[in-house]
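Letters go in sequence order (proteins before strands), and every chain restarts at 1.
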Number of protein chains: 2
Amino acid sequence: MPPPSAESGAPARGASRKPRADAERNRARVLAAARELFTARGDEVQMPDVARAAGVGIGTVYRHFPSRTALIAAAGEQRHAEIVEFARAECLTRSDAAEGLAAYLHRIGEVLAADRGLSAPVEAAFGSTEPTGEVQAEGLRVAGDLLARAKAQGAVRADVEVTDLNMIACGLAAIIRTGSGDWRRYLRIACAGLRP
Amino acid sequence: MPPPSAESGAPARGASRKPRADAERNRARVLAAARELFTARGDEVQMPDVARAAGVGIGTVYRHFPSRTALIAAAGEQRHAEIVEFARAECLTRSDAAEGLAAYLHRIGEVLAADRGLSAPVEAAFGSTEPTGEVQAEGLRVAGDLLARAKAQGAVRADVEVTDLNMIACGLAAIIRTGSGDWRRYLRIACAGLRP
DNA sequence: ATTGGAATCGGAATCCGATTCCGGTTCACC
DNA sequence: GGTGAACCGGAATCGGATTCCGATTCCAAT
């Protein structure tokens, strides 16, 4: 990485100093620990647990994430990002668009089903109608593409919108979280409801 | 180790004494207050608030409901009961069974949408695969009847089960809770997915 | 390589809210 | 009217998230 060519003597207002290496390392450690713990043990995980698992003090956890909620949200966002990446790689590339769409939803189910604590934020992510975060925007975009392809192939009704997919995903998350029943059946019904 | 069965002059095991009038009154007050507050202000309501609104001490709240969670669950159960009653009165009586089924789900949506804090327990109620509580059992029964009628009229696929309805309802609750989008659209899709 | 000082660290102290405890009071029954 | 079990109120306790601050570490300019 070439050092910034024209560094004025005075620190620039926006990005002055290179962030400290240890700070970034710690942030990553905390996030990784949180992700692991919340996935495994769910909501019963406490902040001291995270700090201990990350090998840092509680204060450090709070420096990087202003609250427990924020920490969980950050961990959940990573989880969401995985799903989006999968959709890009495995779903958008299928020739049968309806299959791709189904695979996308199915993947969400699998990821959440293997998880005990990060479902809630992911659910919230699908739930929120809009902005917060690049990952969410990206997810919306990918889902939109998936949907457009399926419509073009006449496999999905023309009046279906991306929000409909998000609602289905949000419901899916809740069903899995509560252990309501066989989520694959739910998805089958939902997908059937999308067809012309 | 239970005391010897031979019951002396002591009160019968089942119903010994008439429950104290003030106790029952207080219980009702607490429940009513809780219901109102949670519906209006959601999860941010605190136990002292409930006690104050009910005009009793905190201890009294805890005598009747062992925990905050239990209190919310009890309040939510009332809400659930309303829904079940509506289903009995307005949905089971329609000649068009599919319409009745749709009306049932729609009603759930309306009730939850007008509520800010009791959605979570109701969601849990639809979520749980099994027994807890007479209301829930009753709800399952009514939903089963609704479904059977629709199947008999050929308006719903034969392989649909009651749990499928519960999953749809559970998803609906989550969608409304998170404000995910237009829940009526969701229901339209779900109902479409039920058809043969 | 040394040094100044801003950012980071760690964890003890604080805060908030649910839950428990217990002396005083009330009610159903005799 | 008397009696004891059940109930009442609310102060005290407890658990866990969040804040605070002196000590430490790292970046960058000398």
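Between D22(A) and R25(A), no side-chain nitrogen of the basic residue sits less than 4.0 Å from a carboxylate oxygen of the acidic one, so the salt-bridge criterion is not met. Here E24(B) does not pair with K18(B) in a salt bridge; the nearest charged N to carboxylate O distance is not below 4.0 Å. The residues E90(A) and R107(A) are annotated as not salt-bridged, no charged nitrogen and carboxylate oxygen being separated by less than 4.0 angstrom. Under a 4.0 Å N-O distance rule, the pair D96(A)/R94(A) does not qualify as a salt bridge.
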*Do nucleotides 15-20 of chain C as a string where each nucleotide becomes B, S or -: B if the base has a protein heavy atom under 4.0 Å, S if just the sugar-phosphate does, - if no protein is that close.*
--SSBB
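A 4.5 Å side-chain heavy-atom check between V50(A) and R68(A) finds every atom pair outside the cut-off. Side-chain contact check for E138(B) versus R141(B): some heavy-atom pair is nearer than 4.5 Å. In this structure the side chain of E44(B) reaches within 4.5 angstrom of the side chain of R116(B), judged on heavy atoms. The side-chain heavy atoms of D159(B) and D164(B), taken from C-beta on, include no pair separated by under 4.5 Å.
Going from atom CZ of R29(B) over to atom P of dC8(D) covers 10 Å, rounded to whole Å. Distance CZ (R27(A)) to P (dC9(C)): 11 Å, rounded to an integer number of Å. As rounded to whole Å, 11 Å separates atom C1' of dT26(C) from atom CZ of R25(B). Protein atom CZ of R52(B) is 14 Å distant from nucleotide atom P of dG9(D), rounded to whole Å. The CZ-P distance, from R63(A) to dC20(D), rounds to 13 Å in whole Å.
For dC9(C), the OP1/OP2 oxygens have a side-chain nitrogen or oxygen of H64(A) closer than 4.0 Å. Close to dC8(D), at under 4.0 Å from its OP1 or OP2, lies a side-chain N or O of N26(B). Put simply, T60(A) has a side-chain N or O that comes within less than 4.0 Å of OP1 or OP2 on dG10(C).
Residue-level contact check: A21(A) touches the backbone only, with heavy atoms under 4.0 Å from sugar-phosphate atoms and none from bases.
Screening L146(B), V156(B), L194(B), L140(B) for a side chain to side chain contact (heavy atoms under 4.5 Å, CB included) involving L165(B) leaves a single residue, L194(B).
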Find every protein N or O atom lying less than 3.5 Å from an N or O atom of nucleotides 23-25 of chain C, and list the pairs.
none

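The closest donor-acceptor contact from the side chain of R157(A) to the backbone of G193(A) lies under 3.5 Å. Between the side chain of Y104(A) and the backbone N or O of L92(A) there is no donor-acceptor pair closer than 3.5 Å.
Looking at the side chain of V56(B), the nearest of the listed nucleotides dC8(D), dT8(C), dG9(D) is dG9(D).
For the helix from dA1(C)-dT30(D) to dC30(C)-dG1(D), the axis fitted to the five pairs at one end and the axis fitted to the five pairs at the other end meet at an angle of 20° (nearest 10 degrees).
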